[in-house]
Amino acid sequence: MSILNNYTDFIAEKYENFPQSRYLTLIVLRKAESEMIFRTEGSGEGLSRDTIHAGLEPENRDPISRVTISKRKQTAVERRTGRELLRQHNLLFYTGDEKEENICALNRNKPCAQCADCMIYGYAVGGGGAQKSRVITDDAFSILPYQTVTAKRTFNALYDNNTMRDPVTGQASSSIQEDEYVKPETLFIDMQTLKDLTAGEIHYVIANVLRSRRYGAISSRLGKMRNILVGAIFSDCEIFSNLELTQAVYDRLGSEGRQFPLDRNKVKSVIADAVAALTGEVIGTVQPFTETEITELIGEIQQQFASPDEVKGLLDSITALYGKSET
């Protein structure tokens with residue numbers, strides 16, 4: 001029996017067009033496992049960052065800069081992870097004739113409005129039709145300041161002769177650049193709120209988060225990240241923000257605990273304390289998962305996704321929620 005059966009009041013039984021006030025907030029600790037680059041566009045630009053208050057307590061109200069992973073940089077990766085699975089099982093549909101150019105695809109104005117990705121993460125068509133995302137996201141912030149978790153590296157582009165001099169013309173290359181990057185073992189806190197999802201859809205979204213491993217620019221060589229589900233909270237309203245949680249964790253780490261690199265297990269414990277304090281301020285019904293339940297939920301998903309047949313059954317059951325059949 002799924003651990004989600006203990007929370008049936010907060011889980012939708014079927015897809016509904018009207019909001020039902022059922023929220024599940026996932027608290028994710030994102031750990032950089034290689035150098036990472038998060039920027040707006042292009043190369044050579046600085047990392048994305050925001051200047052905000054360090055913490056919530058009066059003694060920590062000085063502004064600091066934090067590295068930011070924008071909401072789009074997160075969900076775009078996780079959507080593609082899910083879409084790969086849907087494509088593998090022929091559960092991405094056509095928008096017209098069954099031609100390659102009409103298959104459901106991101107950033108081509110070709111949503112099928114029928115698949116799990118469209119119906120969970122949302123879509124919009126210029127000529128009409130839209131589905132608001134039921135995965136509500138926010139920017140993820142580094143716990144420690146920008147200056148602590150970043151560095152710069154100079155790189156060049158060598159010719160075939162392994163030098164900076166063109167072997168044909170003999171001219172020296174000027175292709176020397178410098179990039180800012182996030183150091184390995186930097187920790188980010190992120191929250192994703194799932195709204196009015198069924199149990200199957202919840203499993204699908206969590207699996208997308210846990211299975212996604214590459215984020216940011218130059219992800220074929222950099223950008224390795226591990227996502228750790230450290231908390232889950234059912235509620236009948238949106239709860240505190242990701243920024244509040246990051247600041248509360250910063251407060252509780254104390255000056256001696258803010259040394260890079262942070263200990264992941266200690267941060268998980270501090271997050272639990274911060275969540276308990278912040279949920280007490282929520283005006284509404286709140287049901288946090290216990291640590292044992294989080295472990296059990298992750299185990300369920302691991303077991304499910306270890307079996308191709310179970311994955312196929314999950315995806316088929318989700319697709320059936322929207323009244324569509326497999327093509």
Side-chain angles (χ1 to χ4, degrees), residues 3-4 6-12 19-30 50-71 74-75 132-145 187-197 202 205-206 209 227-258 262 264-295 297:
I3 193 65
L4 295 179
N6 297 337
Y7 298 95
T8 53
D9 289 345
F10 294 97
I11 299 175
Q20 302 295 315
S21 192
R22 298 185 179 99
Y23 296 84
L24 172 59
T25 300
L26 307 176
I27 300 172
V28 181
L29 186 63
R30 301 189 187 270
D50 287 300
T51 300
I52 50 184
H53 289 114
L56 298 175
E57 298 298 329
E59 65 270 21
N60 293 323
R61 294 298 288 170
D62 291 338
I64 63 171
S65 289
R66 283 187 164 102
V67 179
T68 305
I69 312 176
S70 72
K71 55 189 78 64
Q74 300 169 68
T75 55
K132 188 172 182 178
S133 176
R134 292 185 287 148
V135 178
I136 305 168
T137 59
D138 204 349
D139 293 339
F141 300 98
S142 61
I143 299 173
L144 296 180
L187 297 180
F188 297 83
I189 298 178
D190 180 45
M191 292 170 58
Q192 292 193 16
T193 301
L194 317 185
K195 187 175 182 180
D196 298 329
L197 264 59
I202 290 170
V205 172
I206 294 176
V209 173
N227 297 322
I228 306 157
L229 183 64
V230 297
I233 305 168
F234 278 112
S235 61
D236 62 358
C237 62
E238 280 202 69
I239 56 174
F240 48 87
S241 70
N242 189 39
L243 176 57
E244 286 180 288
L245 178 57
T246 305
Q247 291 170 325
V249 168
Y250 183 90
D251 287 336
R252 285 164 172 76
L253 283 172
S255 57
E256 294 184 359
R258 301 179 196 131
L262 294 172
R264 188 187 77 188
N265 291 327
K266 180 179 180 180
V267 171
K268 285 176 63 176
S269 177
V270 171
I271 288 174
D273 291 341
V275 167
L278 291 171
T279 52
E281 301 175 4
V282 175
I283 302 174
T285 303
V286 180
Q287 289 287 329
F289 276 53
T290 65
E291 185 176 352
T292 300
E293 288 175 325
I294 290 292
T295 301
L297 177 60

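- Across all their heavy atoms, Leu262 and Gly257 have their closest contact at CD2-O, 3.1 Å.
- For the pairing with Leu194, the side-chain contact (heavy atoms from CB on, under 4.5 Å) check across Thr25, Leu24, Ile11, Ile136 returns one residue only, Leu24.
- Scanning both residues, Ala140 and Asn242, for their nearest heavy atoms gives CA-ND2, 3.5 Å.
- Heavy atoms only, all atoms of each residue included: Asp196 and Pro19 are closest at OD2-CA, 3.3 Å.
- Within the model, atoms CG of Asn6 and CD of Glu293 stand 6.0 Å from one another, a figure rounded to the nearest 0.5 Å.
- Across Cys237 and Ile283, no two heavy atoms sit closer than the pair SG-O, 3.7 Å.
- No side-chain heavy atom of Val209 sits under 4.5 Å from any side-chain heavy atom of Leu229.
- Nearest approach of Ala277 to Arg252, heavy atoms of both residues: CB-NH2, 3.3 Å.
- A donor-acceptor pair is defined here as one N or O able to donate and one able to accept, closer than 3.5 Å; such a pair exists between the side chain of Arg258 and the backbone of Tyr250.
- Sorted by first and then second residue, the pairs that involve residues 53-71 and meet salt bridge (Lys or Arg N to Asp or Glu O under 4.0 Å), not counting sequence neighbours, are Lys71-Asp139.
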Show, in sequence, the C-alpha distance, side-chain angles and deciding distance for Arg134 and Leu197, and conclude whether the side-chain contact (heavy atoms from CB on, under 4.5 Å) test is met.
CA-CA 8 Å; Arg134 292 185 287 148; Leu197 264 59; 3.6 Å; yes
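- Side-chain contact between Ile189 and Leu29 is present, with heavy atoms from C-beta onward closer than 4.5 Å.
- Phe234 is linked by a ring pair (Phe, Tyr, Trp, His ring centres under 6.0 Å) to Tyr7, Phe10, Phe289, counting only residues two or more places apart in sequence or in another chain.
- Counting heavy-atom neighbours within 6.0 Å of Gln20 CD, excluding the residue itself, gives a total above 12.
- The CD1 atom of Ile294 sits 12.5 Å away from atom CD1 of Ile228, with the distance rounded to the nearest 0.5 Å.
- The line from CG of Asn60 to CG of Asp251 is 4.5 Å long, rounded to the nearest 0.5 Å.
- With Thr68 contributing its side chain and Ser70 its backbone, the two residues share no donor-acceptor pair below 3.5 Å.
- Rounding to the nearest 0.5 Å places CD1 of Ile206 at 12.0 Å from CG of Asn227.
- For residues 265-282, there are no side-chain hydrogen bond (donor to acceptor under 3.5 Å, both in side chains) pairs, not counting sequence neighbours.
- In this structure a side-chain-to-backbone donor-acceptor pair under 3.5 Å is missing from Thr285 to Asp236.
- Within the 4.5 Å cutoff, no side-chain heavy atoms of Phe188 are placed close to those of Thr246.
- Scanning all heavy atoms of the two residues, the minimum distance from Leu245 to Leu278 falls at CA-CD1, 3.8 Å.
- Here the side chain of Gln247 pairs a donor or acceptor atom with the backbone of His53 at under 3.5 angstrom.
- Using a 4.5 Å heavy-atom threshold, the side chains of Met191 and Asp138 count as separate.
- Judged by distance alone, the side chain of Gln74 and the main-chain N or O of Ile69 form a donor-acceptor pair under 3.5 Å.
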